[in-house]
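Before any comments, here is the structure.
Every chain is numbered from 1 and lettered A, B, ... according to where its sequence line falls, protein lines coming before strand lines.
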Amino acid sequence: MATAASHCLLRLYEERHELEDYQSGVPRWCTGCGDNAILAAVQRLCRDEQLRPEKTVFISGIGCSSRFPHYMKTYGFHGIHGRALPVAEGVRMARKDLHVFVNTGDGDCCSIGAAHWVHAIRYNMNMTVFLHDNQIYGLTKMQASPTSPRGLRSNTTPRGSFLEAMQPLTVTLGVQNVSFVAQAVDWIPELLYDIVSAAYRHRGFSFIRIVQRCPEWLPSLFEPWLHDPERVRLLHHEDGIQVSPALARVYRNQEHHNPVDIDRAREIASCIDPIPVGILYRNPQVPCYEDLRATDHLRTTEFIKNGLEAEFDKFTVWPSA
Amino acid sequence: MSQSETVTPTAIAGARRPRANKTVTEIPQHVVEIISDSGEGAQRCGQSLGAVAARMGNGVWTVEIIPAEIRPPARSVAGASGNRIRLGARKVTNGGDETDLAVAFNEQVLLGRVRAGELKPGATILLESKWRDETDPRITSAYAETFEQLEAAGYRVIEIAMERECKKVVPDARKGKNMFALGMLCSIYSLDVELAEEQIGLTFRKKSREIIDSNIALLHAGYTWAEAHLDFKYQIPAAPAKEAQIVVNGNTALALGVLASGMEICAMYPITPATSASHYLADVFEKVGGVVHQAEDEIAACAFAIGASYAGKCTVTITSGPGYSLKQEAIGLAVMAEIPLVVVNVQRGGPSTGQPTKVEQGDLLTTMFGSHGDAPKVVLAASTVEDCFYSVITARKIAETFNMVVVVLTDASLATAQTPFPRPVFNEAWVAPPVDQSPVPPGTRPYDWDPDTGIARRVIPGQPGGMHTITGLAHDRDSHVAYDPDINEEGLRARSLKLAALQKTLKQPTVFGDESGELLLVGWGSTRGAIEEAVERMRAEGRKVSSLHLRFLQPLPPGINDIMNRFGKVMTIETNWSDRPEDQIIDEHNRRYSALAMLLRARYLVDVDCWTQVRGAPIKPGTICQVIRERMDG
Ligand SMILES: Cc1ncc(C[n+]2csc(CCOP(=O)(O)OP(=O)(O)O)c2C)c(N)n1
Ligand code: SF4
Ligand SMILES: [Mg+2]
C-alpha cells in the first residue's frame, strides 16, 4: 500500500506543470507588441489551472496574433485566415475532453471571419476566444481593419480611413446566445490575467476583446490611454473582477457592474473612451451546442453495425421464399 | 383488411380477376414515365411501381423528373414532375433511351417532355382527358390543340377520364389519381397487385388506415379499368433475386456509406443536389451516435470537418459545385497539414449556379487541381448507386491511411437514380478505428515522412508527448514553419509521393468487352451503365468496341496505357464540355478537350478523342451507339 501511495505522489509530483512546460520557442513578435503580454497571461493561466499540455489546443487563423499557438507547448493549429472558429468548433464537437482556445486578430475575426464569429456566438461551444485587437492588419503591413478608428492613415487609406470603427463588443453582445463577453487591455497585466482566467472558467463561448498595442505600425495610437488612467474604466463586481487596492489607487475610474445585466453591458460596450475593462456579460445558463448535439451512445462497432442493419432493413427487398 | 366505405366490392373483385382474353406481349425492357404538376403524387406512383417491379425480380432504374421551380404554375410546359422508370428483364444499369409509355395528368407537362425529345417516336401516352370538359375555353382549346399535335406526330394517345374514374371510388380524386395510375401500370406490365397493395401499406405507413384503404381502392380501380379498357398488356420476364437487395438512390447510398465508414461527424451547408444525402443522414445519423452539423456556409463546414478530423475523428463534408469552390482554400490546408478528410461533391451543372438539379461532370479538373499551389489529393468517382455506398467507405480508409484529402465525385443523376443492389454485408474493417490516445514515443516527429512513400504517422491531440502546432505554412518534420528551400521541397515531395504510394496499391481496371479492338470508350462516373450497354449492343452487331471505366481518377490506376495501346482509337464519353471540331474556329491547336480526355492525353501521350454532351440529362445508350457507329464508320 505504502508503495502504491508514494507512487501516486510521485506521479502527481511529476505531473505538476511549470511555466516552462507551456513555453515553446522564442516569440517572434516585435518588441513591445501586446501579443507578448497576452502570451504571458495565458501561459500563467495554463500553469495555474494545471492544464495538461496534451489535452490543450490553441487554434488560430492568420496574422501576427495567429502565430500564438507556435509559442505554446500544447497542441496547436495555425490554420487559414478567418477560419479559426469553425476549426475550433470541429475540434470541440469531436473531442469534449480537450481544452480549446482560439487566437484571432481583428482582421481575422471581424473581417474575413465575421460570419463565423457571429455564428460561433450562437453555437456557444465551450472555448476561450482571444480577439487580439490592434486595430490594424499587422502581418500584411499596416492596412486598415474594421476596428481601425475613422481617419486612420494606413497603406490602403493613405488619406485616412473612411468608416467608423466596428465595435466588437457591441456586435458580440447583439447576437443571440451570447454567454461571456469581456474586455482587457494588454498594458494592465494583472487584470488581463484575471479576465483570461474568468473567461477560461466560464463554460461556453468566452469572448475577450483585448486591446492590443502594435508599436510597429501604430506606435502612438494608445498613448493617450496609457498616460491617463482616467481613460480606462474598470468594471468590478463580486461576481466579476475584483480590483486590488494597488490597482484601484491608479485606476480610479471604476464602475460596479453586475455581469448579468445585459442592458448595461450593451451600454458599456458602446463606450470607446474611456475604455471599459472587465467582464461585461456572463450567463452560464446558455446551453452549449456540443451538449445539445451530444448522444449518449458508446460508438462500438457492434452499435454502428446494428444501426446500419436497421437502416438496410428499411430499404431491403428480400428474396421471395 | 378493414375496408372503408369508399371501397367498392366490384373494384376488389375485378382486380383479383385479370381478363383472360388479352394477349400478353413479352418484352425485354420498357421505359415508362408518370408526369404531373408537382404535388399530384406522380413521384410516389413511380417509386411504388419501381419498388413492386424490383420485388418481382425485374431490373429497375428510377429517375426523378424534377421541375426547376419549387412550385411551378399548374399545367406549365416546364413544370413536369414525376418519375421515369426503366424496367428490364435483366439488371438495369441506366435510364435507357427515350420513353416508351407515358402517363400524364395534363397535356402541358407532357408537351414539355415531348419538346425535350424524351419520348420515343410512336410512344404510347395515357392522358387524363378531363381538360376537354373544363369551363375555361383556354384550357379546352390548349388541350384539344396539343392532343391533335401529338396524334399528328404519331404518338398513340389514349385519353382516360382518370379523375372521373377515381371519383367513383373516393371523394377527392385529385390526390389519389397517382394510385389509380399505379393500378393501370400494374395491369399493363402484369405486376402483382398484392405486392402493390403491400407497397401502398409501406408508403403510407405513417398515415391512417383509412388513407391506406382508399389508396388501395384506387389501385384496384386503376387496375380494373386498364384490364377492361386497354387492348395491350406486357410482360417483362423477371428473375426473382436470390439474395436480399436494397433499393435506394445514390444520395441515400452515400449517406449509408457514411454510417458504414464509422465516421461520426458530417459538416455541410445545404446545396442541390447534395442536400437529400444530408437530409437522410440528419434523420438517422444520431441513431449510431453521429452528428450532422449544418454550418453557416461551406467554408465553415469544411473548416469544421477539418477541425474534427484533426482532433482524431475523420469527418466528411458533403456538397456540390458552388460549395466545393468555397471549400477549396480549406481543402488546401488539409492537404498541407496532412489532415485526413472526405469531401463528397455531388456534381451539378456549372459554372456558377448553373443547372442545380441537372447532371454534369464538370468538376473533375477542379477537384484534382483545385486549391492553389501543388495540392495533391485523391479523387475517386462513383459510377453506380452501389458504388456511392462503397466509395465513402474506401475514401475514409484512404484518407486515414495516407493522411490525405479524398474527394468522392458523384452527380445529380446518381443522386436521384434509384436501383437495387445486393444488400451489403457488414465488415468490421469498414469502421474507423478508435482515436489513438497512446503516448507518443520520445523522439517522434509530427511529420516523419517515410523516405519512400511520404507517409508520416499522425499524432492526435490528447496523445501525451506529441504536442506540436500544425500549420498551413511550409514546415519541416517538426511542424516548424520553415522557408528553407530544401525543406520546402522535402514537404512537397512527401505530399506528392503519397499519391504514388496509393497508386501502387491499385489494380489495373478491367476492360468491358474484348481486351483489344478497333475502338475503346473511356468513361468515369455515372455514364458507366449507358456506355457499357451501348458497347454491348454494338458488339452484338459485330463491332470491335470495348470500354474502360475509371473509378480512381487521381491517382490513375496502373495499366491504362497498355489497354489503350491495344485499340485503334480511344475516345472518352463524358458529360462535360468539349469544343466541337465542326465549329469553324476550332482546330487541333485550340480545341478544348473534355476533362478525362485531357488527362489521358497529358499523361500517356496518346491521341485520345472525346465525345461529350452537356444537355442536363444522362447520356442515353442509344446516343452512344450512334456515336460509336459514326466514329467507326466515319
Ligand atoms: C484568404 C486570405 N486573404 C488574405 C490573406 C492575407 N492576410 C494575412 S493576415 C491578414 C490580416 C491580418 O490582420 P489581423 O487579423 O488583424 O491580424 P494581426 O496581424 O493584426 O495580428 C491578411 C489580410 C490571407 N492570408 N489569406
Ligand atoms: S507588427 Fe504589430 S502586431 Fe505584428 S508583431 Fe509587430 S507589433 Fe505585434
Ligand atoms: Mg490586427
Item to check | Step-by-step side-chain contact (heavy atoms from CB on, under 4.5 Å) determination, B/L333 to A/F77 | outcome: CA-CA 11 Å; B/L333 167 66; A/F77 190 116; 3.8 Å; yes
Checklist entry - Is there a side-chain contact (heavy atoms from CB on, under 4.5 Å) between B/T471 and A/H70 once you walk through the steps? => result CA-CA 9 Å; B/T471 173; A/H70 289 282; 4.0 Å; yes
Checklist entry - Between B/R423 and A/F315, is a side-chain contact (heavy atoms from CB on, under 4.5 Å) present by the stated rule, with each step listed? => result CA-CA 9 Å; B/R423 178 177 164 134; A/F315 305 109; over 6 Å; no
Next on the checklist: Determine whether A/K55 and B/Q437 satisfy the following criterion, side-chain contact (heavy atoms from CB on, under 4.5 Å), listing intermediate values before the conclusion.
Outcome noted: CA-CA 10 Å; A/K55 290 281 194 185; B/Q437 292 290 276; 3.9 Å; yes
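Taking the six-membered ring where the residue is Trp, the centroids of A/Y123 and B/H293 are separated by under 6.0 Å.
Between A/K314 and B/V284, some side-chain heavy-atom pair lies under the 4.5 Å cut-off. The shortest side-chain heavy-atom distance between B/F285 and A/T295 does not fall under the 4.5 Å cut-off. Between A/E54 and B/P464, some side-chain heavy-atom pair lies under the 4.5 Å cut-off. By the 4.5 Å heavy-atom criterion applied to side chains, A/F58 and B/T469 are not counted as neighbours. At a threshold of 4.5 Å between non-hydrogen side-chain atoms, the residues A/H116 and B/I299 count as touching.
Dense packing is recorded around OH of A/Y289, with more than 12 heavy atoms of other residues, nucleotides or ligands lying under 6.0 Å away. Residue A/E18 places its CD atom among more than 12 non-hydrogen atoms of other residues, nucleotides or ligands, all under 6.0 Å distant. In A/K141, the NZ atom is not crowded: 12 or fewer heavy atoms of neighbouring residues, nucleotides or ligands sit closer than 6.0 Å. Other residues, nucleotides and ligands contribute more than 12 heavy atoms inside 6.0 Å of the CD atom of A/Q50.
For B/P420, no part sits under 4.5 Å from any heavy atom of chain A, backbone or side chain. Looking at B/Y310, the atoms closer than 4.5 Å to chain A (heavy atoms on both sides) all sit in the side chain, from C-beta outward. Contact annotation for B/L195: neither backbone nor side-chain heavy atoms come within less than 4.5 Å of a heavy atom of chain A. No part of A/R52 comes within reach of chain B, as not one of its non-hydrogen atoms sits under 4.5 angstrom from that chain. Within the 4.5 angstrom heavy-atom criterion, atoms from both the backbone and the side chain of A/I80 approach chain B. Proximity to chain A (any heavy atom under 4.5 Å) is shown, for B/I460, by both the backbone and the side chain. Contacts of A/R83 with chain B are made by both backbone and side-chain atoms, with heavy-atom separations under 4.5 Å. Using a 4.5 Å cut-off between heavy atoms, B/A330 touches chain A through backbone and side chain atoms alike. For B/V248, the part sitting under 4.5 Å from any heavy atom of chain A is the side chain, from C-beta outward, and nothing else. In this structure, chain A has heavy atoms under 4.5 Å from both the backbone and the side chain of B/R55. For A/D97, the part lying under 4.5 angstrom from a heavy atom of chain B is the side chain only. At a 4.5 Å heavy-atom cutoff, the contact between B/V431 and chain A is made by side-chain atoms alone. Proximity to chain A involves both the backbone and the side chain of B/K287, based on heavy atoms less than 4.5 angstrom apart. Interface remark: B/Q463 contributes backbone and side-chain atoms alike to the contact with chain A (heavy atom separation under 4.5 Å). Looking at A/E309, both its backbone and its side chain come within 4.5 Å of chain B, counting heavy atoms on both sides. If you measure heavy-atom distances from B/A300 to chain A, the contacts under 4.5 Å come from both the backbone and the side chain. Both the backbone and the side chain of B/P424 come within less than 4.5 Å of a heavy atom of chain A. If you measure heavy-atom distances from B/A305 to chain A, you find no contacts under 4.5 Å at all. In this structure, the portion of A/H297 lying under 4.5 Å from any heavy atom of chain B is its side chain and not its backbone. Both the backbone and the side chain of A/K305 come within contact range of chain B, judged by heavy atoms closer than 4.5 Å. In this structure, the portion of B/I265 lying under 4.5 Å from any heavy atom of chain A is its side chain and not its backbone.
Contact tally against chain A (heavy-atom pairs below 4.5 Å) for B/G472, B/A244, B/G462: the top residue is B/G462. By number of non-hydrogen pairs under 4.5 angstrom with chain A, the leading residue of B/E428, B/E286, B/H480 is B/E286. Chain B forms the most heavy-atom pairs under 4.5 Å with one residue out of A/A84, A/P69, A/G307, A/A310, and that residue is A/P69. Highest contact tally toward chain B, considering only A/R92, A/E89, A/H78, A/H119, is held by A/H78 [criterion: heavy-atom pairs under 4.5 Å].
The pair A/R122-B/E296 does not meet the salt-bridge criterion, since no charged nitrogen lies less than 4.0 angstrom from a carboxylate oxygen.
Minimum heavy-atom separation, A/A115 to B/D297: CB-OD2, 4.4 Å. Of all heavy-atom pairs spanning B/P461 and A/L98, the tightest one is CB-CD1, 3.9 Å. Of all heavy-atom pairs spanning B/L259 and A/L308, the tightest one is CB-CD1, 3.7 Å. For B/G307 against A/V91, the heavy-atom pair with the smallest separation is O-CG2, 3.3 Å. Across all non-hydrogen atoms, the minimal contact from B/A241 to A/P319 is O-CB, 3.1 Å.
Atom CD of A/E311 and atom CG of B/D283 lie 7.5 Å apart (nearest 0.5 Å).
Exactly one of B/F426, B/F389, B/F421 qualifies for a ring pair (Phe, Tyr, Trp, His ring centres under 6.0 Å) with A/F312. That residue is B/F389.
Between the A/R293 side chain and the B/V292 main chain, a donor and an acceptor come within less than 3.5 Å of each other.
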